[in-house]
Asks: 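Please find one structure pasted underneath; my questions will follow.
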Amino acid sequence: MLPRYGFRLSIELPSLPYADAFDVIEQVILYRHCVPATVWKFQRWVGIGEERKMRQAQECFDGFLEEIIRVKRKEALDKKEMETVVDDDFLTMILSGEAGIDQGKLTDGFLRDVVFNLLVAGRDTIAAALSWFFWLVAKNPNVEEKILKELDQVMGKEELNKMVYLHGAMCETLRLYPSVPYEHKQSIEPDVLPSGHAIDGNTRILLSIFSMGRMEEIWGVDWMDFKPERWISKKMVVSHMPAYKFTAFMAGPRTCLGRKIAFVQMKAIASCVLRRFKIEVVDGHPMVPDASILMFMKYGLKVRVSYRA
Ligand code: HEM
């Protein structure tokens, strides 16, 4: 069973308070998009309803991050003073000056916000995409067969770039089930959209990435098919797809900064899992997207896992 949140292959793993808090934060952010700002801001001011849950979850999650920052500060200091070898993770690199960021800026609050941002951006986006990927692959044995054939030909993790079909299958997953199903933008002054629509300043625009991935006029009559071939050119390389057409990572100056690392991680995990294990979806398990800012499966993905012969 791959649970709703996070990507774990065991139901025995305990639930973690900070992970639960993180899920609450993501759900309340969706709530904030659905009600007028005055409503949630009033709730936050009084400390009731969803905003009460948000405050509790934030306190829990901040405590978790503060502890990580404390440990990493100590490790970075040890590294400087005693030249000990420590993990070369992102936070340690920032704290030990290797990332070239002005040390005066590195207050606990700044670090907490940076780590929180990267966790929001990088943790559940990949987990959600992989859950849908394994479900789609299990439901499309012809795609699974082609991925396995490619994995047989391409060995080693340094070869991830050559996994063109797997790349196509990942893009196809994100087209049909984008980890971030919609985006919210706000104009700061009057403008004209590329479509020709004039908008006032301070206009909120909700963009459905989920719907754009399923529009016949964009993807053709077979838009509902899970078809990795869509992403592969005649020369058998990944086709160029304009970012304004495939919007899972959005486009423009604020496009996803982790796109490349996301593909590396997803392809590495998918190739390791599919090489060793056969994943079969348990019949009758309900597959419904959850109400969150991220495209989770509401009831997780229930599967039977067996070793490949
Ligand atoms: C399947 C995986 C992922 C998807 C679908 C995804 C999608 C997105 C989307 C839609 C945005 C919003 C862009 C906008 O508002 O215009 C975004 C922003 C961002 N993503 Fe990703 N992302 C993924 C993985 C990652 C990973 C692994 C990282 C880093 C470890 C990352 C880092 C970021 C950052 C830092 C931003 C903010 C960029 C900015 O505001 O300037 N993402 N991502």
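Order of appearance sets the numbers: ligands from 1, and atoms from 1 within every ligand.
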Asks: Among all protein heavy atoms, pick out the one at the shortest distance from atom 5 (C) of ligand 1; state its residue, atom name and that distance to 0.1 Å.
Replies: Ala248 O, 3.6 Å

Asks: Under 4.5 Å between side-chain heavy atoms, chaining through other members, with only Ile, Leu, Val, Met, Phe, Trp and Tyr counted: pull out the rest of the cluster around Val221, sorted by chain and number.
Replies: none

Asks: Please state which protein non-hydrogen atom is closest to atom 38 (C) of ligand 1 and give its distance, to 0.1 Å?
Replies: Thr255 O, 3.8 Å

Asks: Please check if the side chain of Trp132 supplies one atom and the backbone of Met295 the other of a donor-acceptor pair under 3.5 Å.
Replies: yes

Asks: Where does Gln265 meet ligand 1, judged by heavy-atom distances below 4.0 Å: at the side chain, the backbone, both, or neither?
Replies: neither

Asks: Looking only at non-hydrogen atoms, which of Met170, Glu183, Met266, Met250 approaches atom 12 (C) of ligand 1 most closely?
Replies: Glu183

Asks: For atom 15 (O) of ligand 1, find the nearest protein heavy atom and state the residue, atom name and distance (0.1 Å precision).
Replies: Lys185 NZ, 2.8 Å

Asks: Could you walk me through whether Phe249 and Phe263 pass ring pair (Phe, Tyr, Trp, His ring centres under 6.0 Å), step by step?
Replies: CA-CA 11 Å; Phe249 296 93; Phe263 276 109; 5.6 Å; yes

Asks: Go through the structure and list residues passing side chain to side chain contact (heavy atoms under 4.5 Å, CB included) with Asp108, not counting sequence neighbours.
Replies: Ile69, Arg73

Asks: Could you name all protein N, O or S atoms found under 2.8 Å from atom 21 (Fe) of ligand 1?
Replies: Cys256 SG

Asks: Would Val71 end up clustered with Phe61 when hydrophobic side chains under 4.5 Å apart are linked, directly or stepwise?
Replies: no

Asks: Enumerate the side-chain hydrogen bond (donor to acceptor under 3.5 Å, both in side chains) contacts for residues 165-176, please, sequence neighbours excluded, ordered by first and then second residue.
Replies: Tyr165-Glu229, His167-Lys267, Glu172-Arg175, Glu172-Arg230, Glu172-Trp231

Asks: Could you tell me whether Lys302 sits above the aromatic face of Trp135, with NZ or CZ closer than 6.0 angstrom to the six-membered ring centre and within 45 degrees of the axis?
Replies: no

Asks: So, are Arg123 and Asp23 salt-bridged, with charged N and O less than 4.0 Å apart?
Replies: yes

Asks: Only heavy atoms count here, so choose which of Arg123, Arg254, His184 is nearest to atom 13 (C) of ligand 1.
Replies: Arg254

Asks: Compute both the distance and the angle, then confirm whether Arg32 meets the cation-pi test with Trp40: under 6.0 Å from the six-membered ring centre, within 45 degrees of the axis.
Replies: yes

